[in-house]
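Written below as C-alpha cells is the structure these notes are about.
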Amino acid sequence: MKLLVTGGAGFIGSAVVRLAVARGHEVVNLDAMTYAACAENIASVATSNLYSFEQADIRDRAALSRIFATHQPEVVMHLAAESHVDRSIDGPGDFIETNITGTFNMLEAARAFWVEKGKPASFRFHHISTDEVFGSLGETGQFTETTSYDPRSPYSASKAASDHLVRAWHETYGLPVVLTNCSNNYGPYHFPEKLIPVTILNALHGRPIPVYGAGENVRDWLYVEDHADALLTVVEKGAVGRSYNIGGENEARNIDIVRTICSLLDDMHPQGAPHERLITFVTDRPGHDARYAIDPQRIRTELGWRPSVTLEQGLRQTVRWYLDNEAWWQPLLERQGVGQRLGVKA
C-alpha cells in the first residue's frame, strides 16, 4: 500500500511513518516543516527505499496537485495541523488557514486525483482529528462517534470545521473517507510544549513545573505508538464513511500525571529529587475543558483494536526515552515559544 502522510515529521505523523515503513508500506511524507516538525523524528526511515519526502504546505494547492500526480498514492492519511490550544488562543489565524483551508485543499487535490484515476473504490482519504471537537464532559459520560460537536477553543473549532468538510466531501462527491478522533497522545518525540514533555524537561532542569488551575482537568491518555497502530488499522479495515474514536482507556487528572512523572524521575533520575517540590499551580487556560473521555467500543468491536500499554507503562517508557535522547530535545528548547507561557491573551 502506498500512503501519502501529511504532517509526517510531527509527533503523531512521524509515529505513523515509522510504523508504516516498518510494516512494508511505501510512504510519502508531506510536511511544511514548521516549528513543531523535526527531521530527526523520521531519521530512522529516511534512507529506506520505501520512504520519500516532499516539503510542501497544505495551503499550496498547486504543490498538492504536483505531489499527487508524481507519487500516485492509494491512501491519504491527513495529520498535518496546527494543534496547540495555547497557540490557538494567541494566534487563531494560523489554525483557520492550516486546519480548515489546508484540509479543503487536501480534499480537492485528493478528489481531482481520485476522479482522474477513475474513482477507484480502494482509494481512501483518512482524516485524523481530535476528541476536543466534542467539547467538555462533566464527571461522568464518554464521547462516542455520535456525540454532538461543541468545540470550545480556536483549535478545536478549526478541527471541527475540518471534520465537517471531510464528511461533506464524502456525502456530496462520494470521496471514500474514514475519520478518527483521538484522545490526548503522549510518548517519544513529543514536542516540548505539551504537558508531559514540559513536566519531564522542567523537572530535569530543576525549573517550576506549571500546572494549570488546580490540575483537576481529566484527559484520556493514548500512547502515540498505539495510536499509530490504530490509524493503520482503520486504513486497512475501516468502513468508508465511518468514524472511529480512538482512546487509550486511561483517564487521569493532570495533577496525577505530573505527580506520576515526578515519582518516575525520582526513581530513574534521582538528581534533584523529590521532583514534586517543583510543581507550581498557575492561572488556568481560558476556556479550559474540564474532562475528555473516549468510548472506544466501535473500534474495539468492529476492527478488533485496543491499546497495548497501560498509562503507567507508557509514562515509564516516555520518561526513559527523554532521559536517553537529550540530543533530540535539547535543540528544540530554542524554538519560538518553547518554554514560554502561551494562551493568556484572552
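Judged as a ring pair (Phe, Tyr, Trp, His ring centres under 6.0 Å), and not counting sequence neighbours, the contacts of Y189 are W321, W328. Under the ring pair (Phe, Tyr, Trp, His ring centres under 6.0 Å) criterion, F95 pairs with no residue, sequence neighbours left out. Applying the ring pair (Phe, Tyr, Trp, His ring centres under 6.0 Å) test to F68 and every residue at least two apart in sequence or in another chain returns F113. By the salt bridge (Lys or Arg N to Asp or Glu O under 4.0 Å) test, E251 pairs with R291, sequence neighbours left out. In this view, T310 and Q313 satisfy the side chain to side chain donor-acceptor pair (under 3.5 Å) rule, not counting sequence neighbours. Considering only residues two or more places apart in sequence or on other chains, Y292 meets the ring pair (Phe, Tyr, Trp, His ring centres under 6.0 Å) condition with none of them. In this structure, the salt bridge (Lys or Arg N to Asp or Glu O under 4.0 Å) partners of R59, at least two apart in sequence or on a different chain, are D57, E97.
Note on residues 111-129: pairs passing salt bridge (charged side-chain N to carboxylate O under 4.0 Å, His left out), not counting sequence neighbours, are E108-R111. Residue pairs meeting the salt bridge (charged side-chain N to carboxylate O under 4.0 Å, His left out) criterion with at least one member in residues 200-227, sequence neighbours excluded: E216-R253. Under the salt bridge (charged side-chain N to carboxylate O under 4.0 Å, His left out) criterion, no residue pair touches residues 165-187, with sequence neighbours excluded. Counting only residues at least two apart or on different chains, the side-chain hydrogen bond (donor to acceptor under 3.5 Å, both in side chains) pairs with a member in residues 2-19 are T6-H78, S14-R18.
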Could you pull out all donor-acceptor pairs under 3.5 Å where a side-chain atom in residues 267-274 meets a protein atom, sequence neighbours excluded?
none

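Aromatic pair F191/Y35: centroids less than 6.0 angstrom apart. Aromatic ring centres of F125 and H170 lie farther apart than the 6.0 Å criterion allows.
Looking at D163 and N181, their side chains do bring a donor and an acceptor atom within 3.5 Å of each other. Side-chain contact, R259 with S263: no donor N or O sits under 3.5 Å from an acceptor N or O. At a cut-off of 3.5 Å, with distance as the only test, a side-chain donor of S153 or S156 sits close to an acceptor on the other residue. Under 3.5 Å, the side chains of Y212 and D86 contain a donor-acceptor pair of N or O atoms.
Across all their heavy atoms, R335 and A37 have their closest contact at NH1-O, 2.7 Å.
Between the side chain of N217 and the main chain of D289, a donor-acceptor pair closer than 3.5 Å is present. Put simply, the side chain of T280 gets close to the backbone of L278: a donor and an acceptor are under 3.5 Å apart.
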Step by step, would you call E26 with H71 a side chain to side chain donor-acceptor pair (under 3.5 Å)? CA-CA 10 Å; E26 290 184 71; H71 294 283; over 6 Å; no
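Counted within 6.0 Å of CD on E312, heavy atoms from surrounding residues, nucleotides or ligands total 12 or fewer; the atom is thus considered open.
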